[in-house]
Each structure stands twice: as structure tokens, then as C-alpha cells.
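For reference, the structure is listed below as C-alpha cells.
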Amino acid sequence: PEGWVMSGEGAISLLTDTELFGFSKLSHRSAKRIAKRGITLSEFSVGDYVVHIDHGIGRVIGVTMMPADGGEREYIALEYAAGGKLYVPVDQLGRISRYIGSGDGIPAVTRLGTQEWKRIRRRAKESAEAMARELLTLYSSREISNGFAYSPDTEWQREMEESFPYIETPDQMEAVRRVKEDMEKPQCMDRLICGDVGYGKTEVILRAAFKAVMDGKQVALLVPTTILAQQHFTTFRQRLAVFPVRVDVLSRFNSHREQKETVAALADGTVDICIGTHRLLQKDINFKNLGLVIVDEEQRFGVADKERLKKMRLEVDVLTSSATPIPRTLHMSLVGVRDISIMETPPEDRLPIKTYISEYDDRRIRKAVLRELERNGQVFFVHNRVQSIVQMAQKLERLVPEARVIVAHGQMQASELEAVMLEFSLGEVDVLVCTTIIESGLDIPNANTLIINDADMLGLAQLYQLRGRVGRGTERAYAYFFYKRGSHLTSAAEKRLSAIFEATEMGAGFRMAMRDLEIRGAGNLLGAEQSGHVAAVGFDLYCRLLSESVARLRAEKEGGEEVLTGSGVSLSLEHRAPVIDLSIPAHIPEEYIDDADIRLILYRRMVVGTLEAVEDMREELRDRFGPLPQSVQDLLYVVKLKLLAARAKVRSISVEGDYVVLQMVEGVEVEPFEVAGVGQSEIRWSGDRIKLYKKWQGKRWQGALERLLEGLASEL
């Protein structure tokens, strides 16, 4: 759109934002939140290694029906060391989670009937306890520290934020709000911004940095790679060009003289924002008035760097961003210890990336490159071997002579690498043949085709991060993962490629977080010294131990009662879910869902925390598989009873003759009360046991049992 001029007396000129600022802000449409459904940490299938809280690490070998209490029940069969087998009823799957902890390696399987697992779990518990104490000590120190309370937003702040050429997502706005609230408090900020690749974390960082500068403070932005430092430097300079803010960069792309000048400018306060690699953490760096440290991709820094950062957290505000999604179990374990903002909403008009996996094919590569060139786009070609990368580039030039090809890798001279990346970012070449050097945060919206050679040799985290380099604008992006023609893929490589192919929808990183990918990232968030214990007991169990330790230590400190969840159900590992044994056929029959893996996933998902989730599950099953058979209705009824029983402090529900018997948890006794629709002769009260008459017409007793549990919960 263009402006206009009204001539004559009292002439008026109207200019559009495009004419004033060089861009036009998109019109707003309601943002779509990504469904959080998908592979979760606790889901598993036949062949997967799992962790049973009481018995340790075993392998799922199948699902089987076995006789029980005059009927049949479905069990998950687990195999342990020395041929030991364990059959777990499907209603006890809350005590099992999928094992994650040693990458693609096979974990040490536990031997049943020994003290081995108890010893391993005790050591992991001690480690989690020590870490919880460290976290809480750091948190307490930060709470009483004399930080700097920033002023409310200035007019300049509002103007700068209005210059953002895209529509902010709801999660982005919430993250910005939280960061500003933290900065305006007198305590030092320590917030982690966690979001999928391309979800707008840089804008949150930029706004925080500008807010600090508006109050006369200096900002250090720490990034893991030189290329990312250069990219952030360009972004910050462009966005802040109209404001009196000096932005400098400190990396190996700078000459020795330039670095010396920047270091001096930091010391005398003339540099407001300095973007750099770990060079910023070296001893010769002194800031005149440092107020905010921003760490991009913290998990990629070494132990020594993290020790320095840990010290900084007690002195200045620290904001960390990570494209490594956080599994829910870790998030829960760190609630109240570290402030976390999770960004799950994709930007406007972002399209899923079309992903292809196949044997290496010259014709397919030529076709992919030409298609991108036809729409004036650019291509990333990843060949992760420096020794043969030039030969690969030459082969590509012969294959697609229409394309301008250039090479980039980490062993190049800094000046040469900088020139290559600048040339590509300016659109002067069509294809960048490179190593995984482009993995972190590189943002070139015009590059929307990614080709990876020997993709089976890369880890899942790398594959996912590399795919995040394309599809960052409104154009449809394409990703091609090739493996050697005629080669036999290992089981692990096949799983990685399958996972990257399946996770194509927006926000897929949060699903993939639960695979090899995120144990590394989240493990680094926990700390290197915990990695051995995480591998020994599995990531899920370690996080639950950590959560329990944090809750207990916090309760001790505050002198209050220990509360672990908001659902009314304790997460304590020693607390068992109520045992429900009503001799009803509660299972998913093969005739309804014949795939054992799908049945396993559904059983595991039925370990829910709310009654609403049970109803959601009922609707999903009906929608996906058709009308529910009686055994599935009974299964959902049992799931609902478990939730009600936990809230009512009922330890078990079983059948004795003509009665359903409720056994309260130890030390809990109840006085009789009226239950709607239940006569006095149909219920017997005896302290910690309640007996409900079962021989009613039809299944009226089932509704009565629900009402009895609801009444117990309200009485207690």
C-alpha cells in the first residue's frame, strides 16, 4: 500500500509504515496453539526399554491376556536380566515409564529378586537431593540479593517494539511480559525461555536487552558460535539503528585490534550491548555497568563457562534461551526453583516443512535445487565431512550448472568464513555446501530447501536443528534426508530418520524432546555430574526424584505441609495409586484395536490427572476407533475410580462376596454420612473400611460407588 498527498490549502501527506520504516506489519489473525498431544516421555511400545519404579529397567516384550479373579485381565510383559519376567496389570502402568538416559546405547537391565535396583535408586535419590539443595540455595541467594529494579517501559521501548515486522504470538507476548516483570523486581532475574526453532525467542531477547539499555545498563549476549554472534549482531544493529545504542560484536571474526577496542569500550561503558562467544567470559573482560547477561543455547557451553554463569546469576539479571524443548517432567521438577517460559505457538503463516527420506539420488537433488532456484530461493546442502566437502561441492556444480555454489565449514579462516556467510545471506550465491556449522540459530528466510547427505550419520537433535534452518518465512520449505545407496541402516539410524519424518507438524520439537534429542539438552540443564545417575535410573524417574526432593526441602524450609501437585494426588514415589479390583473385564480388546503398540500407548495415556482428561479420552477413542465396547467403558470407569479414590484417601477397592469393599489409607477413619440413592441397609461403615452392597439390578452399584467416593473426598 502507498500513501497519498492532498494538495491545496492545508495540504495533508499520509505515509504508510512501508514508506516510513521499509516494511509493513502483517495484519493480525488469531494464532493457533499447537495441540500438545503427541509422543510423550512416558509412552512406549513393544521392544522399548522401560523403568518400573519398584523393579528397575526391563524391556517390553508384549501384551498378553491372563486369567485373574475368575475372569481375564490384560498385562504388559517385561523381560529382565537372566530371563526374568514381570507381568504388570494395565491399570498399574503409572509405575512404568519409557527409559531415556544413554542415547542410542542399550541400558543395563536389572536382575529381579536382588537388591541391585534398590541400591541404584538410593544413589540416584541422594544425587537428586544434593541437586535440589543446590538449586534451592541458589534460588534463596537470588531472592535476597540486591539486584537492580528496572523502570517501567519508556516511549522508546514502545516505539522499538512497534517496529517488529511480524505479529507476536500469544506465547511470545507472555514471555516478554514475564521477563519485564522479572527485570522490574529488585531481585536478580534467572529466567529460561524455551521454544521450538524459529518461534521468536530472539525478539524476546532483543526487547529485554533494549529495556536494560534504557536504564543505563550494559548487556552481554553470549552465543555458542561465531556465525550466530554475527547474525545477532546484524539483527540488533538493524532493529536499534534509529536509537542511540551502540552494539558491538566480539568473536574470532574480529581482528586483534578490533577486539582490543571493544574490550576497552566495554570497560569505559561506551558499548551498550556486546554480542559474543565464550570470549565474553574470559578474565580480561570487564563491564563498567553490566545489568543483564543473555545466554543463547546455554546447553552448548562447557562446564567452566557454566560455573562463571552460575556466579553471574547472583550478581546480575540472567536470561537464557534454548531451542531444546523441556520435557514436562523436568519442567515440573524445576517449578518454583527456576523461572521458565515455554513458547509453543508457531508464528503466523508458518507452514510445516515437507520432509523426504530416501537413498542418495542425483536426479532428485538436481530437481530439488532447480525448484528452489525457480522461485528465487536458496539451498543448504549439508555434507558433514571437511575432507571431502570441496569434492562434494564440485560434484554439485556439475550436477546443477545453473546454480552458484559456495563452501563453508568450521576449519576455514575466520575472515574467509565471514565472507562466505555474508555472500550467502545477501543472496549472491544459490547453494551453500556446509557442515553442521549452520546448526545453531542461523536465520536466512530466503533459504527454504535443505538437503542432508549421509543423514543417517547425524543425531536426531542435529537433524531437527538443521531442519529448523528452513521454513522460517511464509514460503513452503522442503527438507531431504539422504543415506548411502545400498547401505543397510542400523536400527538406531532407522528410528532417528523415522522420528524426524513423523515429526513434521509445527511444534514437533516438543514431541521429539522425548527421544535421544532432549536427554542431552535437558541433561545439560541438570548438570554434567547428574548424567551418570540419569543413565542409571532413566530420565523420567530421576526427574520425579528431583521433584520430590525439591518439594520436601521447600516444605522443610517453609515449615508447611508438603504439596507436590495441584490435582490433589501426591506424586510421591512411595505413594502407590489406589488398587482397583472389581473383577470386571476392563481392557482394550484386540477386536477393537489390533495394534499392540497403539494399545500400549493408550493404556499409558490413561494414567491421567483429571476427570476431564478421562472424558477427553472417551471422546478421542470414539472418534478414532468407533463406539466403545463394554470392556473399554469399564476400563475408563476404573480410571475414573482411581482418581476419585486417590482424592478420597482410599487405598484399595475390591469385591468380597456380595459387597464392594473400600479400604482407607492407614490412619484414616470416616464417620457415616448419607450417600445419594443409597439406603442405610446397602452400606456398612466400620472405621477404615466401608462395604457397599453390590447385588443391585443392572449396574446401579457403579454409580453409587462414584457418589460414595465423591462424598468421602468432600468429608475429608
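None of these values were measured; they are calculated from a predicted model.
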So do the side chains of Asp272 and Val219 get within less than 4.5 Å of each other, counting heavy atoms only?
no

Minimal non-hydrogen separation, Val537 against Leu541, with atom names:
O-CB, 3.6 Å

Side chain to side chain, Leu396 and Ile365, heavy atoms closer than 4.5 Å:
yes

List in chain and number order the residues that pass salt bridge (charged side-chain N to carboxylate O under 4.0 Å, His left out) with Arg257, two or more places apart in sequence or in another chain; answer none if no residue qualifies.
Glu261

Check the surroundings of atom NE2 in His278: do more than 12 heavy atoms from other residues, nucleotides or ligands lie under 6.0 Å from it?
no

Side-chain heavy atoms of Val431 within contact of Glu397, under 4.5 Å
no

Flag side-chain contact, heavy atom, 4.5 Å: Val382 against Cys434:
yes

Do you know which two heavy atoms are closest between Ser388 and His383, and how far apart they sit?
OG-NE2, 2.9 Å

Could you tell me whether a side-chain N or O of Arg237 sits under 3.5 Å from a main-chain N or O of His232, the two making a donor and an acceptor?
no

Between Gln259 and Ser251 (side chain of the first, backbone of the second, donor and acceptor by atom type, cut-off under 3.5 Å), is there such a pair?
yes

Would you check, one step at a time, whether the test side-chain contact (heavy atoms from CB on, under 4.5 Å) holds for Val179 with Arg191?
CA-CA 7 Å; Val179 168; Arg191 181 167 291 276; 3.9 Å; yes

Does a side-chain heavy-atom distance below 4.5 Å link Asp48 with Leu600?
no

Could you tell me whether a side-chain N or O of Asn446 sits under 3.5 Å from a main-chain N or O of Asn376, the two making a donor and an acceptor?
yes

Would you call Glu423-Arg404 a salt bridge at under 4.0 Å N-O?
no

Quick one: closest heavy-atom pair of Gln172 and Gly200, and the distance?
NE2-O, 2.9 Å

With a 4.5 Å limit on heavy-atom distance, are the side chains of Ile444 and Arg469 in contact?
no

Below 4.0 angstrom, N of the basic side chain to O of the carboxylate: do Arg279 and Asp284 qualify?
yes

The salt bridge (charged side-chain N to carboxylate O under 4.0 Å, His left out) partners of Glu428 (sequence neighbours excluded) come to none

Would you please classify the geometry between the Tyr480 ring and the Phe482 ring as parallel, tilted or perpendicular, with 30° and 60° separating the classes?
parallel

Which residues pass the salt bridge (charged side-chain N to carboxylate O under 4.0 Å, His left out) test with Asp456, sequence neighbours left out?
none

Arg485 side chain to Tyr360 backbone, donor-acceptor under 3.5 Å
yes

Between Gln218 (side chain) and Val271 (backbone), is there a donor-acceptor pair under 3.5 Å?
yes

Quick one: do Thr436 and Leu466 satisfy side-chain contact (heavy atoms from CB on, under 4.5 Å)? Show the steps, please.
CA-CA 7 Å; Thr436 54; Leu466 286 167; 4.0 Å; yes

State, yes or no, whether a side-chain contact exists between Val369 and Ile451 at a heavy-atom distance under 4.5 Å.
yes

Once you round to the nearest 0.5 Å, how far does CD1 of Ile227 lie from OG1 of Thr277?
12.0 Å

Looking at every non-hydrogen atom in both residues, tell me the closest pair between Leu221 and Leu280 and how far apart they are.
O-CD1, 3.5 Å

Leu489 side, atom CG; Leu497 side, atom CG - distance, nearest 0.5 Å
6.0 Å

Judged by modelled atom types alone, do Arg371 and Thr449 share a side-chain donor-acceptor pair under 3.5 Å?
no

Tell me, please, which residues at least two apart from Tyr478 pass ring-ring contact (aromatic ring centres under 6.0 Å, His included).
none

Any side-chain heavy-atom pair from Ile193 and Ile205 closer than 4.5 angstrom?
no

Who passes salt bridge (charged side-chain N to carboxylate O under 4.0 Å, His left out) against Glu402, sequence neighbours left out?
Arg366

side-chain contact (heavy atoms from CB on, under 4.5 Å) between Val379 and Asp430, worked out
CA-CA 6 Å; Val379 178; Asp430 303 310; over 6 Å; no

Measuring from atom CD1 of Ile437 to atom CG of Leu228, what distance do you get when rounded to the nearest 0.5 angstrom?
11.5 Å

If every non-hydrogen atom of Gly62 is compared with every non-hydrogen atom of Val46, which pair is closest and at what distance?
CA-CG2, 4.1 Å

A cation-pi test, strictly: NZ or CZ of Arg239 under 6.0 Å from the centre of the six-membered ring of Phe210 and no more than 45 degrees from its axis. Yes or no?
no

How about Phe481 and Tyr483: are their ring centroids closer than 6.0 Å?
no

Indicate yes or no for a side-chain donor-acceptor contact from Glu359 to the backbone of Gly486 under 3.5 Å, with no hydrogens or angles considered.
yes

Residues two or more places apart in sequence or in another chain: which of them pass ring-ring contact (aromatic ring centres under 6.0 Å, His included) with Phe381?
none

What do the steps show when you test Gln231 against Val223 for side-chain contact (heavy atoms from CB on, under 4.5 Å), and what is the final call?
CA-CA 10 Å; Gln231 181 178 292; Val223 296; over 6 Å; no

Would you say Asp248's side chain and Cys274's backbone share a donor-acceptor pair under 3.5 angstrom?
no

The residue among Ile120, Ile57, Val51 that forms side-chain contact (heavy atoms from CB on, under 4.5 Å) with Thr110 is Ile57

Check Ala220 against Leu290 and note the closest heavy-atom contact, atom names and distance.
N-CD1, 3.9 Å

Mind checking the CZ-OG1 spacing from Arg385 to Thr435? Nearest 0.5 Å is all I need.
12.5 Å

Separation of Asn453 CG from Lys484 NZ (nearest 0.5 Å):
7.0 Å

Met457 backbone acceptor or donor facing Asp454 side chain under 3.5 Å:
no

Spacing of CG belonging to Asn384 relative to CD1 belonging to Ile389, to within rounding of 0.5 Å
8.0 Å

